[in-house]
Protein chains: 2
Amino acid sequence: MPTARADKQRDLLDGALRVFARDGYSRASIDAIAEAAGVSTRTIYNHYGDKAGLFKAVILDSATRVADHEIALADRLLAHIVDLQTDLVAFGLAWSAHDPATADHFALVRQIQADSAHIDGEILGAWQEAGPVRVRGAVAAHLKAHAAAGLLHINDENIAALQLIQLTAGSVMAAPGARPERIIRAGVDTFLAAYQPSTSYS
Amino acid sequence: MPTARADKQRDLLDGALRVFARDGYSRASIDAIAEAAGVSTRTIYNHYGDKAGLFKAVILDSATRVADHEIALADRLLAHIVDLQTDLVAFGLAWSAHDPATADHFALVRQIQADSAHIDGEILGAWQEAGPVRVRGAVAAHLKAHAAAGLLHINDENIAALQLIQLTAGSVMAAPGARPERIIRAGVDTFLAAYQPSTSYS
DNA sequence: CATTAATTGCAATGAGCGTTGTACTTCGGC
DNA sequence: GCCGAAGTACAACGCTCATTGCAATTAATG
């Protein structure tokens with residue numbers, strides 16, 4: 001039995017991601033997606049039934065892949081700490097340096113958040129679990145380990161992870177125009193002021 | 001010369017905001033907006049020329065009104081500090097407690113961010129200036145005043161304002177499902193650990 | 001090479017929607 | 001009560017687009 005020819009499936013998900021990310025669900029046309037992916041429109045319907053089915057598949061696929069990428073990043077940069085400030089800044093910079101590959105994903109995330117009133121709740125939940133929650137958990141695990149080693153004073157590692165992300169990548173996204181490095185350094189300083197034992201005791 | 005009948009204009013902007021916020025520019029139909037606003041479709045074209053013109057008007061109107069509201073909030077809650085922690089938590093809670101009136105606005109903001117590739121750059125700039133930048137400036141001014149009074153140790157009040165907002169309202173939005181009060185208290189604690197003189201010296 | 005599943009091209013259908021023209025109605029100020 | 005501006009109702013045009021059916025074609029596997 002012939003398996004999927006070449007990697008039409010991969011091409012389709014990639015092209016659909018690009019178009020959905022730029023245009024949103026409503027504006028994105030099946031024709032535009034088919035052309036961007038180098039696939040016939042009929043193939044889309046054969047595989048995913050309708051536009052909504054394709055959208056769902058794109059969301060889950062992209063969220064899973066990017067989360068894997070980010071977790072790998074955290075494992076690489078946060079596993080062995082030499083200097084907390086230096087390493088956290090490096091992590092924040094890598095996180096914020098959306099290579100073009102992940103740029104489409106984050107544009108899709110904005111589309112999802114804007115369109116959430118029209119997206120099935122189960123899909124939203126599955127996306128949160130496959131993406132943001134999983135990543136936050138991975139960062140939280142690293143922070144907890146360093147807390148156990150005495151590098152940090154942490155009550156709730158999940159909140160600490162959330163705050164670290166908000167102070168770095170979150171702040172960079174909220175203030176377009178400002179230089180990311182400046183924002184991230186300031187964010188790490190604030191984070192360490194709150195959580196580094198030698199500086200603060202909460 | 002007969003002035004605008006009753007307040008069709010106000011009704012139109014309000015109804016259009018509601019529909020644009022829920023459905024986004026592309027999904028929102030002129031018919032739906034007309035019905036939501038209690039106005040005929042023809043009136044819309046008479047006033048704003050086309051859909052894009054109406055959208056632009058809605059963005060600027062809503063951004064200006066909500067920014068005014070938030071600046072008033074900051075003036076009321078941040079002008080006279082009794083206890084820093086208590087007052088900042090109250091401010092964060094009020095900020096995050098999107099009354100239904102401002103809820104539509106923030107949904108519209110998400111639509112704008114998602115659709116920014118299709119919105120005229122000048123409109124985006126005008127919106128940033130009329131809304132977020134102005135509000136951040138107001139918060140920064142309050143923080144600077146309290147720094148001058150010795151309540152806070154701040155290098156760059158604009159970054160401090162950005163961080164305060166990210167640690168409270170920003171974190172609440174990033175982690176739906178968690179209880180806002182818990183997130184905000186933790187955010188204020190982190191902020192104060194970094195900026196309160198008795199705790200940290202940066 | 002033969003088989004078989006995957007893929008494609010194409011035409012057609014039907015719905016939704018932005019936009020306009022026109023004639024009609026309603027209101028507020030004089 | 002009159003007038004002009006503001007608002008309305010309605011029909012029509014043209015375009016985009018999701019979706020489907022069908023016949024033809026391709027390519028991997030045996």
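Every chain is numbered from 1 and lettered A, B, ... according to where its sequence line falls, protein lines coming before strand lines. This one's a predicted model, so the numbers in the text were calculated from it and none came from an experiment.
Here the CG-CZ distance, from Asp23(B) to Arg18(B), works out to 11.5 Å after rounding to the nearest 0.5 Å. In this structure, CG on Leu124(A) lies 7.0 Å from CD1 on Ile59(A), to the nearest 0.5 angstrom. How far CG of Asp189(B) is from CD1 of Ile184(B): 12.0 Å, rounded to the nearest 0.5 Å.
Rounded to an integer number of Å, the gap from Arg27(B) CZ to dG18(C) P is 13 Å. Taking atom OH of Tyr25(B) as the reference point, atom C1' of dC17(C) lies 12 Å away to the nearest angstrom. Rounded to whole Å, atom P of dG9(C) lies 12 Å from atom CD1 of Ile44(A). Rounded to whole Å, the distance from OH on Tyr45(A) to P on dC17(D) is 11 Å.
Between Phe20(A) and Ile33(A) the shortest side-chain heavy-atom distance falls below 4.5 Å. Ile119(B) is not listed as a side-chain neighbour of Trp127(B), based on a closest heavy-atom distance of 4.5 Å or more.
Ionic pairing of Arg182(B) and Asp156(A) is present here: one or more N-O contacts between side-chain nitrogen and carboxylate oxygen are shorter than 4.0 angstrom.
When the side-chain nitrogen and oxygen atoms of Lys8(A) are compared with OP1 and OP2 of dT8(C), one or more of them lie within a distance under 4.0 Å.
Contacts of residues 28-43 of chain B with DNA chain D (heavy atom under 4.0 Å): Gly38(B), Val39(B), Ser40(B), Arg42(B), Thr43(B). Shown for residues 46-57 of chain B: residues whose heavy atoms fall under 4.0 angstrom of DNA chain D, namely Asn46(B), His47(B).
Atom CZ of Arg10(B) has more than 12 neighbouring heavy atoms from other residues, nucleotides or ligands inside a 6.0 Å radius.
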Test log, rule salt bridge (charged side-chain N to carboxylate O under 4.0 Å, His left out), inputs Asp115(A) and Arg27(B): CA-CA 10 Å; Asp115(A) 229 27; Arg27(B) 227 201 266 278; 2.7 Å; yes
